[in-house]
Protein chains: 2
Amino acid sequence: MQFDDKVPIYYQIKEYIYRQIITGKLAPGDKMPSVRQLAVDLTVNVNTIQRALSELTAENLIEPKRGKGNFVTATDQQISELKEQLINEHLQQLYKNLRELNVSDEEILNDLGRYIDKQRDDQK
Amino acid sequence: MQFDDKVPIYYQIKEYIYRQIITGKLAPGDKMPSVRQLAVDLTVNVNTIQRALSELTAENLIEPKRGKGNFVTATDQQISELKEQLINEHLQQLYKNLRELNVSDEEILNDLGRYIDKQRDDQK
DNA sequence: CCTAGTGTTATATGTTACTATTACACTATA
DNA sequence: TATAGTGTAATAGTAACATATAACACTAGG
């Protein structure tokens, strides 16, 4: 996994696990990979994994069991709220960023439309 | 100015100056506020200002003159390219973030449309 | 009971970011 | 020529982040 060196790694791992949960790769009740395995997979130190997991635990999304592993405890309700929240934050971020560059509401929508069309073309 | 504690301050200052230039608050040829004044205005250390300015200098957007100050040397051409690049990066960021949450192209556009409408309403 | 696989915790080390402080180089001007 | 206002650079200290390493606590299975 490639990290943005402008943002703490533990935080990017947290976001990565958010995604795993939201996209269903990790479902309620699932056992997560062990901290040591995650450390290998993401090529970071175990302590860095722990830093991310401890925050997710504090947010009641996962729960550790000594000797067993970490388990997803988030409910479907929690997950859908989390997804909505993250989407909203990202939209807000874009909106704020572009407005700060003096891009109008209309242009923002047009530019995004063009960008998405371009992605579709590049895909081919 | 409020900073995001997940991103280096010097980098956020760099982005701030990008905005000043793109929105015309700083025009080609303009003299910038002194490093000491910027440090006071943004409530950071002079060295942090320098860190940002030295990168902007390396990008040929500004140029320092000993004893005189820092001056905007970017051309209109450079500025419009910079603006386009930043807009593109932000669009790409949103697109990537939402696609990673399994949001479809169509939903992305709809969600943004709704978000912008909501902003307009909240404005009143 | 032993062992392998879990989570948890602690220590030491290195790097980067930021601050505070000081000093130096240069320019304009009174 | 002195002074105030510029940029520049160096030092030292603090904090956060990440690493390496080791040890400890618990669980499951042979």
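Throughout, a chain's letter reflects where its sequence line sits, starting with A, and its residues are numbered from 1. A quick note: this is a predicted structure, and the numbers were derived from the prediction, not measured.
Within the structure, salt bridge (Lys or Arg N to Asp or Glu O under 4.0 Å) contacts touching residues 44-58 of chain A (residues at least two apart or in different chains) are A/K14-A/E55, A/R51-A/E55.
Considering only heavy atoms from C-beta on, B/L42 comes within 4.5 Å of B/I49 through its side chain. Counting heavy atoms from C-beta on, the side chains of A/V44 and A/F3 come closer than 4.5 Å. B/D105 has its side chain within reach of B/R99: a pair of non-hydrogen atoms, C-beta onward, lies under 4.5 Å apart. By the 4.5 Å heavy-atom criterion applied to side chains, B/K83 and B/I79 are not counted as neighbours.
No donor-acceptor distance shorter than 3.5 angstrom exists from the side chain of B/N88 to the backbone of B/E84, with no hydrogens or angles considered. Using modelled atom types, no side-chain atom of A/E81 and backbone atom of A/Q78 make a donor-acceptor pair closer than 3.5 Å.
Between A/I49 atom CD1 and C/dT9 atom P the separation is 16 Å, expressed in whole Å. If you measure from atom CD1 of A/I13 to atom C1' of D/dT19, you get 13 Å, rounded to the nearest angstrom. One atom, CD of A/E55, and another, C1' of C/dT8, lie 17 Å apart when rounded to the nearest Å. With rounding to whole Å, A/M1 atom CE is found 12 Å from D/dA18 atom P. Nucleotide D/dG5 holds its P atom 12 Å from the NZ atom of B/K31, rounded to whole Å. Residue B/Q50 contributes atom CD, which lies 17 Å from atom P of D/dT11 at whole-angstrom precision. Look at CD on B/Q37: it is 15 Å from C1' on D/dA4, rounded to the nearest Å.
Between the base of C/dG5 and the side chain of A/R36 there is no donor-acceptor pair shorter than 3.5 Å.
A heavy atom lying under 4.0 Å from DNA chain D marks the following residues of residues 57-75 of chain A, by number: A/R66, A/G67, A/K68.
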Between protein and nucleotides 17-21 of chain C, what N or O pairs are separated by less than 3.5 Å?
unit_1 : atom_1 : unit_2 : atom_2 : d
C/dA17 : OP2    : B/R51  : NH1    : 3.2
C/dA17 : OP2    : B/R51  : NH2    : 3.2
C/dC18 : OP1    : B/I9   : N      : 2.1
C/dC18 : OP2    : B/Y10  : N      : 3.4
C/dT19 : OP2    : B/N45  : N      : 3.0
C/dT19 : OP2    : B/T48  : OG1    : 2.6
C/dA20 : N7     : B/N45  : ND2    : 3.2
C/dA20 : N6     : B/N47  : ND2    : 2.7

